[in-house]
There are 2 protein chains.
Amino acid sequence: MRPKLTDVAEKAGCSPTTVSRVINNYGYISQKTKDRVYAAMRELNYQPNTLARSLQGKQTKMIGVIVPSITNPFFAELVAKIEEQLSDDGYKMILCNAEQDSIKERQYLRMLEANQVDGIIAGSHNLDIEDYRRFGLPIVSFDRDLASSVPIVGSDNYQGGCLASQALVDAGCKHIYFIGNPNKTGNPTFYRFEGYADTMAKANLTVHTARSAFYESPSAKAAALKELLASERKIDGVFCSDDMTAILLLRVAKNLGIKVPEELKVVGFDGTQLIQNYEPDLATIVQPIGDLAGMLVKLLYERIADPSKPLAQNSYLLPVKLLKNQTI
Amino acid sequence: MRPKLTDVAEKAGCSPTTVSRVINNYGYISQKTKDRVYAAMRELNYQPNTLARSLQGKQTKMIGVIVPSITNPFFAELVAKIEEQLSDDGYKMILCNAEQDSIKERQYLRMLEANQVDGIIAGSHNLDIEDYRRFGLPIVSFDRDLASSVPIVGSDNYQGGCLASQALVDAGCKHIYFIGNPNKTGNPTFYRFEGYADTMAKANLTVHTARSAFYESPSAKAAALKELLASERKIDGVFCSDDMTAILLLRVAKNLGIKVPEELKVVGFDGTQLIQNYEPDLATIVQPIGDLAGMLVKLLYERIADPSKPLAQNSYLLPVKLLKNQTI
DNA sequence: TGATCTCTGTCAATCGTTTGACAGAAAAAT
DNA sequence: ATTTTTCTGTCAAACGATTGACAGAGATCA
């Protein structure tokens, strides 16, 4: 049986109230009593029951983190950074993998509410804004405008789109494609596309788009890319909205005998450690994953500390960097 | 304010006890009353407070999952599968990223205990067996012998080592290296090495090992691999204990102008979807990630249902498959 | 000496449920 | 008409803590 507060009190020769006061640092307690209580706690290997504490009104110290897919290296690294921060601060993370499933995401939201989490970091984007607006708990959103009461943290996707496209222009490309799925407004990809489109306009180049949805299978994507490269032989530059697609493109190009970067230049987006370590040739836009995680967590803490406090800023766009590499 | 049990009772025109009985399906309740209660619950958007329920003695429906690194694609995919299962069964997952830190891992264990999780899936291996033995909660372990009371689920690493090595032998390799870190017994890598060593013995070939620790940085690893390939020009086959190292090796070989598979054949280990999708040339040993996750979860449920029930089996080794590809 | 401050303790209410004991009513079976 | 079964309800204790009110002790200060 796990020891409880009264066991500690008995061992320390004092009342349960005193033990609770030592734990919560509440009221007047002499150092001597404190020491005795701590000793008893150690001896019994006592830990307060967090359930009981939370029921009493204390925080649960639990944070829900909803991501679209943990197997996506970008989100894996983001989650790892978030978890590191949270655990340093004594928080627990309930991880929710929402995939492309809005029903599942809604269930997660209900579940997190029922579990009295202190707050939520929402990185998945399947639900209507309505679902989030009527949600009572502190939320911060990653990369997506949810509601006016919810602060957004994300990379400056527009800037990234400009940087990547400009790099291709500067490298002399004349037929530059954008590969991604910018159909939904408010999507990060949409802003990357806008950066691309504006840069094309400035350089007097035509906009070319090849749709590639996030949830398509890699082999389907690869087939589509092959089709594209084979039929449109004039392509000399591609800005991929994510690195994984860029890798597929590099592979397809190699198989078709297209030389990178001589005949085709490629820039990706995300710049995870995984990519930097295992695909070091790929030029890409690096998102500041650690900073993003830090900002998400920091803002969430602020919301938790005072949910009614008006937001200083609704949106926090962190700068990205171009990583110049062999594919450009 | 969130509605509580008594609010539902009031709305449904019955006592709190009755509402609780409807929720818990306990005692005699007429269909008419049930319907009234359900209607009231829906109308108020009521959800039982899980904290209060758990405090009362119900399960928390929370599972702790401890992994060494969520950014490792293998663990990312394993965690995704585990989470999928758990969430289908109404469980929540607290994710713990232990890195190489035994102090952190011990803290996690304490934290999970304090949070009354129903059970733990332990995939990290920094702690002494002692720490786990005196742990009161149901545990299952991934790939590591923790204590006699803890069932182990893992791939048949020995078989994998044999398969990979035999494939290299069959392909005509004469100087086959093992790259990995088999120093600790009980490590998965150790059994992969044993499979390799036994296969070498059977084929009358010499064992060659190049240490490569899990936690070394990829660039350090790459440098070591370059050194190895440059100095030992006779190497014609390598069995890498994980795919990520294999990828580095392929890259290093390419840079040195060593042709794969003509001059050097490579087999990896893990066979994640990521590798199969984005490095489809790599021959590797595929671990059945979905089955591993399913088995871990199933065994944990059994432990939770009856912790005192003796284990039918201490160890569950799932078969692996050789994925023959261009690098062999 | 009296007033103030510090320490320790008891008591009871509270958080939101669950559940056993018990009672009474209606419905069904004998 | 009587017994049994089914339904609904009240009451109270419990889960393991927190915390305000209150009281009394000893120490310190004026």
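Per chain, numbering begins at 1; letters A, B, ... match sequence-line order.
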How do B/Cys14 and B/Ala52 order along DNA chain D: which one's closest nucleotide is nearer the 5' end?
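Taking each residue's closest nucleotide, the earlier one in sequence belongs to B/Cys14.
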Kindly say if [X] contacts the phosphate of [N], meaning a side-chain N or O under 4.0 Å from OP1 or OP2.
X	N	value
A/Asn24	D/dT18	yes
A/Ser20	D/dT18	yes
B/Tyr46	C/dT17	yes
B/Lys58	D/dC15	no
B/Thr17	D/dG9	no
A/Ser15	C/dT10	yes
B/Tyr28	D/dT6	yes

Spacing between [X] atom [atom1] and [N] atom [atom2], to the nearest angstrom:
X	N	atom1	atom2	value
B/Arg53	D/dC15	CZ	P	18 Å
A/Asp35	C/dC7	CG	P	13 Å
B/Gln56	C/dC15	CD	P	16 Å
B/Arg36	D/dC7	CZ	P	14 Å
A/Gln116	C/dC15	CD	C1'	10 Å
A/Ile23	D/dG16	CD1	P	14 Å
B/Gln59	C/dT18	CD	C1'	15 Å
B/Leu5	C/dC15	CG	P	14 Å

Check whether the side chains of A/Glu113 and A/Asn115 place a donor and an acceptor atom closer than 3.5 Å, and report yes or no.
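No, because no side-chain N or O of A/Glu113 sits under 3.5 Å from a partner of the opposite role on A/Asn115.
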Mind listing the closest non-hydrogen atom pair of B/Pro151 and B/Gln313 along with its distance?
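Scanning both residues, the minimum pair turns out to be CB-O, 4.5 Å.
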Nearest to the side chain of B/Leu55 - D/dG16, D/dA17, D/dG9?
D/dG16
Applying the side chain to side chain contact (heavy atoms under 4.5 Å, CB included) criterion to A/Met41, which one of A/Val37, A/Leu44, A/Asn45 satisfies it?
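Of A/Val37, A/Leu44, A/Asn45, side chain to side chain contact (heavy atoms under 4.5 Å, CB included) with A/Met41 is met by A/Val37 alone.
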Check: B/Tyr91 ring centroid to B/Tyr301 ring centroid under 6.0 Å:
yes
Reported CD1-to-CD1 distance for the pair A/Ile63 and A/Ile94, which is rounded to 0.5 angstrom
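Going from CD1 on A/Ile63 over to CD1 on A/Ile94, the span is 9.5 Å.
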For a quick check of understanding: with a heavy-atom distance under 4.0 Å over all strands, which category does B/Leu51 fall into, base, sugar-phosphate or nothing?
nothing
